[in-house]
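To keep things clear, I will list the structure first and then write my remarks on it.
We use all heavy atoms of the structure for the numbers below, so side chains are in, but hydrogens, waters and symmetry mates are not.
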Amino acid sequence: MDRLPDEILIVILSCLNLKEAVRTSIISRRWRYLWRFTSCSLELLNQWNGNPGTWVEPTVFLSWVDQVVKLHQGPSVDKFIVHCHGITDESPNRICDWIRFAMEKEVKVFELGISCHDFPDLNKFLSISREVKPSMDRIGLTSLTSLRLVHVNIKDEMIEYLLSSCRHLEHLCIKFDNYMKKLNVLSPSLKSLSIVYCRKLKSLTISAANLLSFVYGEASITPVLKLQLQNVPLLSELQLRGPHCGSFLFQHSEHSKYSQQLQRLVLNVPMLDVVSAPRYDHSLFGLPQLRCLKQLDLILHARAGESFLFFVLLTTACPFLSSLGVMMFYDWLASKEAIATGLRRYNRAKADLTAHGHPCLKVIKLINFAGYRSDFRFALALLQIAKSLEKIIIKPGPGFLGAERIATVRERAKQLEANLPQGAELLIVSDLQIGSGLRGL
């Protein structure tokens with residue numbers, strides 16, 4: 001390889017990640033600086049995974065990132081990704097320097113995950129752009145296809161400018177923002193949008209003709225925002241977390257323009273906050289009609305003893321549903337009154353289940369199944385309506401189960417197996433996940 005010209009070696013190094021490319025600098029004196037000219041992805045991650053050897057003190061790590069940015073001399077970089085766990089020092093110039101670097105290198109994928117930092121305002125951003133490309137008509141991050149900001153505060157007008165100026169932007173994700181209040185998402189190129197835990201956001205309007213996937217998550221204490229999806233003809237995947245689930249489930253007329261075209265739906269539901277809310281009509285006729293839905297994932301947070309039967313009825317609003325995943329979490333601090341209210345409200349749904357059969361439901365996944373009365377009756381009710389079921393997959397949980405509870409789970413599994421539709425099978429597994437976009441929120 002020493003006979004190859006530098007240009008060829010740089011192309012080869014560009015196929016490696018940053019750490020691998022930097023390691024080649026010890027091969028010989030000639031190789032020492034070649035990595036600086038690569039167009040490889042700069043993925044700089046300092047994330048705690050339980051192993052002290054993979055994490056360094058944040059200020060040390062960010063100084064190393066600054067050094068990499070300063071030393072890199074290649075003409076372009078496809079990806080520039082920086083994630084750092086832990087409290088970091090706030091340095092306005094640091095983010096500005098990284099944005100300047102992204103502009104100079106025509107970065108396509110730009111991700112920042114660091115706390116205590118602000119994205120520059122529009123005036124500062126335009127000033128940086130003119131410094132980088134003083135003679136260009138189009139300035140800014142014009143090559144951007146994906147932008148992800150986590151714990152980085154950014155103002156509404158800055159996001160709206162990026163959406164209008166980045167004509168190739170397909171993926172936008174904003175998490176844990178403290179600045180946004182009223183955001184208008186207008187983009188002909190955007191295909192996926194994630195807005196998660198933006199606690200001051202009061203209004204979100206979306207008009208994106210090519211949008212395929214939308215994720216929105218809010219804390220249980222956050223007021224329900226004003227959400228308008230005005231022009232999303234291709235939207236096929238929706239993921240919601242928090243109080244807005246109640247609006248989607250029980251105020252179906254407000255979501256009818258797009259709900260009937262969805263093919264995958266993920267709901268992370270704080271059950272008592274949403275399902276038991278008296279302001280909603282809890283009748284089957286108040287449910288959204290999800291006529292195209294094929295996959296439904298539910299992450300349910302319930303009081304001990306609270307019934308899940310409402311969500312069996314929800315499946316009847318999805319005539320072509322083929323896969324149902326349910327992850328259950330329990331709150332053991334429920335009062336006897338709350339438990340009794342939940343049981344009275346939903347036990348009356350038992351009679352309604354006999355009138356329904358689901359012809360397309362083939363796979364059911366139950367995560368954190370512990371054999372309690374609520375999840376066992378829920379599973380039985382699903383078996384009652386799933387006439388074409390092929391398999392039900394159970395992951396026991398949550399967490400560590402004592403010997404007595406394990407024995408209960410096994411006994412419940414035998415009872416479920418005795419009630420399987422003809423030709424269906426029951427599987428018990430140790431690892432199973434659903435709702436990847438919202439599970440960790």
Close side-chain approach of Asp97 to Val69, heavy-atom, < 4.5 Å: no
Which atom pair, heavy atoms only, marks the closest approach of Leu300 to Phe308? CD1-CD2, 3.4 Å
Going by heavy atoms in the side chains, are Met158 and Phe119 under 4.5 Å from each other? yes
Value rounded to 0.5 Å, distance of CG in Leu229 from CG in Leu204: 7.5 Å
Identify the heavy atoms of Leu141 and Ala102 that sit nearest to each other, and give their distance. CD2-CB, 3.7 Å
Does any N or O in the side chain of Ser63 come within less than 3.5 Å of the main-chain N or O of Thr59, such that one atom is a donor and the other an acceptor? yes
Between Phe378 and Phe311, does the ring-ring contact (aromatic ring centres under 6.0 Å, His included) criterion hold? Intermediate values first, please. CA-CA 9 Å; Phe378 177 59; Phe311 294 98; 7.4 Å; no
Between Asn153 and Asn178, is there a donor-acceptor pair closer than 3.5 Å when you use the side chain of the first and the backbone of the second? yes
Using 30° and 60° as the class limits, which term best fits the ring planes of Tyr197 and Phe176: parallel, tilted or perpendicular? perpendicular
Contact check, side chains of Leu249 and Leu267, non-hydrogen atoms, under 4.5 Å: yes
Measuring from atom SG of Cys166 to atom CG of Leu147, what distance do you get when rounded to the nearest 0.5 angstrom? 7.5 Å
Rounded distance [0.5 Å steps], NE2 in His252 versus CD in Gln260: 10.0 Å
Checking the side chain of Asp177 only, and the main-chain atoms of Ile154 only, is there a donor and an acceptor separated by less than 3.5 Å? yes
How about Leu383 and Leu389: do any of their side-chain heavy atoms sit closer than 4.5 Å? yes
Look at Asp297 together with Arg264 and state whether they make a salt bridge at an N to O cut-off of under 4.0 Å. yes
Please tell me if the side chains of Phe125 and Met103 come closer than 4.5 Å, counting only heavy atoms from C-beta onward. yes
Show the numbers, then the answer: is there a side chain to side chain contact (heavy atoms under 4.5 Å, CB included) between Leu290 and Phe320? CA-CA 9 Å; Leu290 304 166; Phe320 297 103; over 6 Å; no
Is there a donor-acceptor contact under 3.5 Å from the side chain of Ser322 to the main chain of Lys294? yes
Over 12 foreign heavy atoms within 6.0 Å of NZ, Lys365: no
Separation of Arg167 CZ from Ser187 OG (nearest 0.5 Å): 12.0 Å
Output, in order, the C-alpha distance, side-chain angles, deciding distance and verdict of side chain to side chain contact (heavy atoms under 4.5 Å, CB included) for His117 and Leu112. CA-CA 10 Å; His117 283 73; Leu112 297 178; over 6 Å; no
Contact check, side chains of Ile81 and Leu42, non-hydrogen atoms, under 4.5 Å: no
State, with a plain yes or no, whether a side-chain heavy atom of Ser247 is found less than 4.5 Å away from one of His255. yes
Would you confirm whether Ser388, through its side chain, and Pro359, through its main-chain N or O, come within 3.5 Å as a donor-acceptor pair? yes
Please report the C-alpha distance between Leu366 and Ile392 in whole Å, then the side-chain angles of each, then the deciding distance to 0.1 Å, and finally whether the side chain to side chain contact (heavy atoms under 4.5 Å, CB included) criterion is met. CA-CA 8 Å; Leu366 299 179; Ile392 177 170; 4.0 Å; yes
Checking Glu218 side chain against His244 main chain: does a donor-acceptor pair fall under 3.5 Å? yes
Let's go through Cys96 and Ile128 carefully: what are the C-alpha distance in whole Å and the side-chain angles of both, what is the deciding distance for side chain to side chain contact (heavy atoms under 4.5 Å, CB included) to 0.1 Å, and is it a yes or a no? CA-CA 8 Å; Cys96 291; Ile128 297 172; 3.7 Å; yes
Hey, is the main chain of Pro120 close enough, under 3.5 Å, to the side chain of Asp118 for a donor-acceptor pair? no
Could you tell me the separation between the CG atom of Leu382 and the NE2 atom of His358, rounded to the nearest 0.5 Å? 10.0 Å
Determine the interplanar angle of the His301 and Phe329 rings, folded into 0 to 90°, and report it as parallel if under 30°, tilted if 30 to 60°, perpendicular if over 60°. parallel
Identify the heavy atoms of Leu169 and Leu163 that sit nearest to each other, and give their distance. CD2-CD2, 3.9 Å
Are Asp66 and Arg94 ion-paired here, with the side-chain N under 4.0 Å from a carboxylate O? yes
Has the side chain of Ser143 got a donor or acceptor atom that lies under 3.5 Å from a matching backbone atom of Val107? no
Just do the salt bridge (charged side-chain N to carboxylate O under 4.0 Å, His left out) check on Arg100 and Glu131 with the steps written out, would you? CA-CA 9 Å; Arg100 182 180 289 105; Glu131 293 174 9; 3.0 Å; yes
Donor-acceptor pair, distance only, cut-off 3.5 Å: does the side chain of Arg412 make one with the backbone of Gly371? yes
How are the rings of Tyr216 and Phe214 set relative to one another: parallel (under 30°), tilted (30 to 60°) or perpendicular (over 60°)? parallel
Return yes if some donor-acceptor pair links the side-chain N/O of Glu254 with the main-chain N/O of Leu227 below 3.5 Å, else return no. no
Does the side chain of Leu426 come within less than 4.5 Å of Leu420's, by heavy atoms? yes
Closest heavy-atom pair and its distance - Ala209, Pro233: O-CG, 3.6 Å
Quick check: closest heavy atoms across Asn368 and Asp375, and the distance to 0.1 Å? O-OD2, 4.2 Å
Interatomic spacing from CG in Leu298 to CG in Leu314 - rounded to 0.5 Å: 6.5 Å
Nearest heavy-atom approach of Cys84 to Leu62 is CB-CD2, 4.3 Å
